[in-house]
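What follows is a set of notes on a single structure, which appears directly below.
In what follows, chains are A, B, ... by sequence order, proteins preceding strands, each numbered from 1.
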Protein chains: 2
Amino acid sequence: MKREIIIKRRDAVATRAAILAAAHQRFLRESYDGVGLRDIAGDAGVDVALISRYFGGKEGLFRAVVQHDDKPDMFREPKSVEELPGFLAKLVVEDADENLQQRMEMFIIMLRSASSPKAGEIIRELAHHDVLGPLTELIGGEHGELRATMLLAILMGVGVVRTIMMVDGFADDDDIAECTERFRCLFAAALTC
Amino acid sequence: MKREIIIKRRDAVATRAAILAAAHQRFLRESYDGVGLRDIAGDAGVDVALISRYFGGKEGLFRAVVQHDDKPDMFREPKSVEELPGFLAKLVVEDADENLQQRMEMFIIMLRSASSPKAGEIIRELAHHDVLGPLTELIGGEHGELRATMLLAILMGVGVVRTIMMVDGFADDDDIAECTERFRCLFAAALTC
DNA sequence: TTGCCAAGTCAACAGGTGTTGATTTAATTT
DNA sequence: AAATTAAATCAACACCTGTTGACTTGGCAA
């Protein structure tokens, strides 16, 4: 019987991707300060030293994780401000759509490490440039930035409450469609208030 | 925070309070994992060992901080569900009222350390028992818990966006009264959606 | 096969963490 | 004034953190 189940070829880009994937999963569940490089290296099946070697350190790794998923199409789907509430509602409650789920994961990662000086700086830059910017532009109008901030706040708040504080009162609402409509209404209110 | 340099009496309850106050300020600005006991001890002007001695360790200190401000009157002021949106709006935008500010600080502390296994457990318990519980009871009705969760989400989201991510788009709205009304409308929508 | 260089590993560092036992200091009591 | 007791300090502990230089290994090319 063969001892090695996985043939471990020496492939730089492959191990780099493995580290990146492992880091993504770790940062999704723990804070920047909470995860150790040895944890990530263990998950990826590589030595710790490789991380600092490939990404220049922990900070560089985190930056690579949050900048990995391409950002410009973060809000590509909702073309008009009218379909924005519906889109955000789907983003929040839908867990089937893989694309939406991936975006929500990015929000959770941002949320988890927003405190912590080193990661926070990266996140603030990301939030302002890749989320708040496009949102403000899409909304437009006089109080566009204010409303974009409100939407982001609701988005983040839902993420905090359900994923980090794990008080998912939304799950009691067995009807997904009804729950989606509820959130659509809330997002619409944030735009019209 | 001011320290008494002149006379340093040996007073157990006084230094205990000093440690508690220093810890409050630290946890308000950094995460549980981010602050070190030596930082807190330095601010309080005492030795590190006293913390573990008085509070039984870092975890005990954190628990003492979040349980210090008495909780039962957390939502004592809003007696009816009708005045709840107005109250929450004031809680969010008002920065003059010392009592409200103190409550908001508690939310920020919870927010900052919600990730981090040890502190998270304490916070989840606190959020469920001292915030979500009274809110659900106050709101009542069929979907009371769902709506309480939504309100908490907005509350937390605003805290995240403005205090942790430091993108305070609300500050652009120079008229405080108008901003308050905006939030009152949003909270009301969360209750009626 | 023989070099060769990148890919990967190893071990150790310097610094920081929370915690604890022994010790010293100050205030109160006898 | 001496004894006592709580309050505060000191020093060290064992452990964990990210990082780095030296080392070994693997795979391709000449």
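For Glu181(B), the salt bridge (Lys or Arg N to Asp or Glu O under 4.0 Å) test picks out Arg184(B), with sequence neighbours left out. Residues satisfying the ring pair (Phe, Tyr, Trp, His ring centres under 6.0 Å) test with Phe187(B), not counting sequence neighbours, are none. Here Glu142(A) pairs with nothing under the side chain to side chain donor-acceptor pair (under 3.5 Å) rule; sequence neighbours left out. Applying the salt bridge (Lys or Arg N to Asp or Glu O under 4.0 Å) criterion to Asp97(A), with sequence neighbours excluded, gives no partner residue. Checked against salt bridge (Lys or Arg N to Asp or Glu O under 4.0 Å), Glu105(A) has no partners two or more places apart in sequence or in another chain.
Rounded to whole Å, atom C1' of dG18(C) lies 10 Å from atom CD1 of Ile51(B). Atom CD1 in Ile19(B) sits roughly 14 Å away from atom P in dG18(C) (whole-Å rounding). Protein atom NZ of Lys118(B) is 12 Å distant from nucleotide atom C1' of dC16(D), rounded to whole Å. In this structure, the CG atom of Leu50(B) is 18 Å from the P atom of dA22(C), given to the nearest Å. The distance between atom CZ of Arg10(A) and atom P of dA6(C), rounded to the nearest whole Å, is 13 Å. Between the C1' atom of dA8(D) and the CG atom of Asp11(B) lies a distance of 13 Å, rounded to the nearest Å. Here dG18(D) presents its C1' atom at 13 Å from CZ of Arg53(A), a figure rounded to the nearest Å.
A distance-only check finds a donor-acceptor pair linking the side chain of Thr15(B) to the backbone of Ala12(B) [under 3.5 Å].
Here Thr15(A) reaches the OP1 or OP2 of dG8(C): one of its side-chain N or O atoms lies under 4.0 Å away.
Among the heavy atoms of the strands lying under 4.0 Å from Ala12(A) are primed sugar atoms or P, OP1, OP2 only; no base atom is included.
Applying the salt bridge (charged side-chain N to carboxylate O under 4.0 Å, His left out) definition to pairs two or more places apart or across chains, those involving residues 16-39 of chain B are Arg26(B)-Glu30(B), Arg26(B)-Asp43(B). Listed by first then second residue, pairs satisfying salt bridge (charged side-chain N to carboxylate O under 4.0 Å, His left out) with a partner in residues 154-163 of chain B read Arg162(B)-Asp168(B), not counting sequence neighbours.
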Expected list for residues 48-65 of chain B: side-chain donor-acceptor pairs under 3.5 angstrom, two or more places apart:
residue, atom, partner, partner atom, Å
Lys58(B), NZ, Tyr32(B), O, 2.8
Lys58(B), NZ, Val35(B), O, 3.0

Using residues 149-156 of chain B as the side-chain source, report each donor-acceptor pair under 3.5 Å to any protein atom, sequence neighbours left out, with the distance given to one decimal.
residue, atom, partner, partner atom, Å
Thr149(B), OG1, Glu145(B), O, 2.7

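Remark on the helix from dT1(C)-dA30(D) to dC13(C)-dG18(D): inter-end axis angle 10°, axes from five-pair C1' superpositions, rounded to 10°.
Side-chain contact annotation: Ser31(A) with Arg112(A), donor-acceptor N/O pair under 3.5 Å absent.
Listed by residue number, the members of residues 54-61 of chain B with any heavy atom below 4.0 angstrom from DNA chain C are Gly57(B), Lys58(B). Taking every heavy atom of residues 32-40 of chain A and every atom of DNA chain D, pairs under 4.0 Å involve Val35(A), Gly36(A), Leu37(A), Arg38(A), by number.
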